[in-house]
There are 2 protein chains.
Amino acid sequence: MRSEPRYAQVAAALRAAIAGGVYRDGASLPTESALCATYAISRFTAREALRLLQVEGLIRRQHGSGTTVVGGTPVLRQSLSDVAELSHYAAGSTFAFREHGLQTLPAARAAALRLPPGSRWVLLSGVRTIAGLPAPIAITEVFVHADLEPFVAALRAGRETLFTQLARLGGFHIARIEQDIAAIGAGTRDATVLQIARRTPCLRIQRTYQDAGGRIVLLSLSTHPGERFTYSMHIDN
Amino acid sequence: MRSEPRYAQVAAALRAAIAGGVYRDGASLPTESALCATYAISRFTAREALRLLQVEGLIRRQHGSGTTVVGGTPVLRQSLSDVAELSHYAAGSTFAFREHGLQTLPAARAAALRLPPGSRWVLLSGVRTIAGLPAPIAITEVFVHADLEPFVAALRAGRETLFTQLARLGGFHIARIEQDIAAIGAGTRDATVLQIARRTPCLRIQRTYQDAGGRIVLLSLSTHPGERFTYSMHIDN
DNA sequence: GAGTGGTCTAGACCACGTG
DNA sequence: ACGTGGTCTAGACCACTCC
């Protein structure tokens, strides 16, 4: 049982105080030196705690004036922090894939995907289609951690996403998903499969699924033709 | 002319070294103690410089292993998991805009944005820039509901997003944000402002901000050059 | 075990905003 | 002038990774 860093504890305490109405919208938070005194911490730790709240958008800091609460409304926490949301865009679509076995990635490829050089992955490739549409809406590559190779054969195409299947089969828990979205021009191979012109603008979505230890268990790389795909999400307060 | 903080100078030097190919993709950056020695700075200053590069997405830090370069081409990343982060947008960036008054949208335009035909909006246009970068990272159009016109004159460019300013000025609450992300080719006008070639792949992000009644109070339409912008988010279970 | 980054202390001086 | 946050030093111990 590792304990949280001190600055995270202080940040949590302040967050709770804000949510609890101790500091209202626009109200001033204690000064740094006040925090040092009340929590018996150094100024570094106090600043680190405040830095956390700042990137969360909870507080606003002004050089000569002080620290004020920006949005004390306590419900602001809710978000798309739900894995279910991630699958909603795929509803009604099906994913067909082929397995290409366990491979060591070329160094350049590994670096581009920000995976450890020399690491080994089971490579899958596939296309996502929507019934009735002539061309696929995505071409996808999936990299499964070598440790999970025994479960790959049991993967099925269909509604359930690969990562939920793997999590169930492997008996582990996905703790974090990182998602990067960029716009790129279609390469020759992608263009052929997607039936679009080369260099057509495409959405490139890279997701990494990490377990509790921060280890990447699955990485997926999808390319969607720009004119056939829009990534849509919503955030409710 | 006030001089830059020391950590910003060190960060700039490292940024230049990465861009100049001294440290390639995936290569290791000097350790913190090495930076302390070469620049004659304390570890705090070195870490502050590295922190800058980290939030820019240029480097990746791993506890026991070291600091490595993520991408040789500078990519801006925006991490986003809830409304609070959305309000802060890209750290260190500023938004400059002009107001173009109350207008009735052409029918085609309204349809494309999925806004009611004949509805009236205050149109704003602007660019988002990051200090030190020659070209903007986004060109943005904003449509503000006609009912909020009295508050538009009070809007200020700067750190606070337009919708948080409007919510405060108008005394209402944003209940829902919808966000659509697509890949498009840059049009002539966008290409000029963003200093890229026409038809360069760009991320087009459309956000609608709705009040509790589902009424769209604000719509923003941003175009980001693909090679300078990656939309990044994470989801924690 | 050696070396890395993560956390933390106890000081210091400076730049900024408000009185 | 004063108090605020911003920057910075010179140490320290710990947790993690890799050999």
Side-chain angles (χ1 to χ4, degrees), chain A residues 1-14 23 26-55 58-70 110 114-120 145 147 175 210-216, chain B residues 1-14 23 26-55 58-70 91-92 131 156 158-159:
Chain A
M1 189 66 183
R2 191 182 74 263
S3 69
E4 287 267 290
R6 193 84 185 88
Y7 67 85
Q9 297 176 28
V10 174
L14 290 173
Y23 309 108
S28 287
L29 234 56
T31 67
E32 295 183 351
S33 39
L35 290 176
C36 296
T38 53
Y39 291 100
I41 55 180
S42 75
R43 215 179 134 210
F44 169 89
T45 306
R47 283 180 65 77
E48 210 62 16
L50 291 173
R51 164 129 57 184
L52 275 185
L53 301 183
Q54 190 174 21
V55 301
L58 260 181
I59 61 172
R60 179 159 177 270
R61 318 200 68 196
Q62 201 71 35
H63 198 147
S65 6
T67 303
T68 51
V69 177
V70 165
R114 273 167 285 146
L115 292 176
S119 55
R120 292 169 66 73
H145 194 281
D147 291 356
Q210 304 170 21
D211 65 12
R215 188 184 62 158
I216 296 177
Chain B
M1 192 65 188
R2 188 182 80 264
S3 69
E4 287 266 291
R6 193 83 185 88
Y7 68 84
Q9 297 175 28
V10 174
L14 290 173
Y23 309 108
S28 286
L29 235 57
T31 65
E32 295 183 351
S33 37
L35 290 176
C36 295
T38 53
Y39 291 101
I41 54 180
S42 75
R43 215 177 134 213
F44 170 88
T45 306
R47 284 180 63 78
E48 209 63 15
L50 291 173
R51 164 131 53 187
L52 275 186
L53 301 183
Q54 190 173 23
V55 301
L58 260 181
I59 61 172
R60 183 191 152 95
R61 318 200 69 194
Q62 200 71 35
H63 198 146
S65 8
T67 304
T68 52
V69 177
V70 163
R156 293 285 168 265
R159 276 203 137 47

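Proteins get letters first, then strands, A, B, ... in listed order; numbering begins at 1 in each. Side-chain atoms are counted along with the backbone in the values below, which use heavy atoms only and exclude waters and symmetry mates.
Contact between A:A46 and A:C36 at its shortest, heavy atoms only, is CB-SG, 4.1 Å. Between B:A8 and B:L52, the closest heavy-atom pair is CA-CD1, 4.2 Å. Of all heavy-atom pairs spanning B:I59 and B:L50, the tightest one is CD1-O, 3.5 Å. Summarising the geometry of B:P30 relative to B:Y23, their closest heavy-atom pair is CG-OH, 3.4 Å, with the distance given to 0.1 Å.
Listed pair A:T45 / C:dT9 meets the phosphate criterion, a side-chain N or O lying under 4.0 Å from OP1 or OP2.
Between the P atom of D:dA12 and the CZ atom of A:F44 lies a distance of 17 Å, rounded to the nearest Å. Following rounding to the nearest Å, B:I41 (CD1) and D:dT9 (C1') show an atom-to-atom distance of 11 Å. The CG atom of B:L35 sits 12 Å away from the C1' atom of C:dG5 (whole-angstrom rounding). Distance CZ (B:R60) to P (D:dT17): 11 Å, rounded to an integer number of Å. Computed from coordinates, the B:I59 CD1 to C:dG5 C1' distance equals 11 Å when rounded to whole Å. Atom C1' of nucleotide C:dT7 and atom CD of A:Q9 are separated by 12 Å, given to the nearest angstrom.
Two residues are said to be in side-chain contact when any heavy atoms from C-beta on lie closer than 4.5 Å; B:T67 and B:T31 fail this criterion.
The closest side-chain donor-acceptor pair between B:Q9 and B:R6 falls under 3.5 angstrom.
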Under-3.5 Å N/O pairs linking protein and nucleotides 2-6 of chain D:
{"unit_1": "D:dG3", "atom_1": "N2", "unit_2": "A:G64", "atom_2": "O", "d": "3.0"}
{"unit_1": "D:dT4", "atom_1": "O2", "unit_2": "A:H63", "atom_2": "O", "d": "3.3"}
{"unit_1": "D:dG5", "atom_1": "OP1", "unit_2": "A:T67", "atom_2": "OG1", "d": "3.2"}
{"unit_1": "D:dG5", "atom_1": "OP2", "unit_2": "A:E32", "atom_2": "N", "d": "3.0"}
{"unit_1": "D:dG5", "atom_1": "O4'", "unit_2": "A:H63", "atom_2": "O", "d": "2.8"}
{"unit_1": "D:dG5", "atom_1": "N2", "unit_2": "A:H63", "atom_2": "NE2", "d": "3.0"}
{"unit_1": "D:dG5", "atom_1": "N3", "unit_2": "A:H63", "atom_2": "NE2", "d": "3.2"}
{"unit_1": "D:dG6", "atom_1": "OP2", "unit_2": "A:R47", "atom_2": "NH1", "d": "3.0"}
{"unit_1": "D:dG6", "atom_1": "OP2", "unit_2": "A:R47", "atom_2": "NH2", "d": "3.4"}
{"unit_1": "D:dG6", "atom_1": "OP2", "unit_2": "A:R61", "atom_2": "NH1", "d": "3.1"}
{"unit_1": "D:dG6", "atom_1": "N7", "unit_2": "A:R43", "atom_2": "NH2", "d": "2.6"}
{"unit_1": "D:dG6", "atom_1": "O6", "unit_2": "A:R43", "atom_2": "NH1", "d": "2.8"}
{"unit_1": "D:dG6", "atom_1": "O6", "unit_2": "A:R43", "atom_2": "NH2", "d": "3.3"}

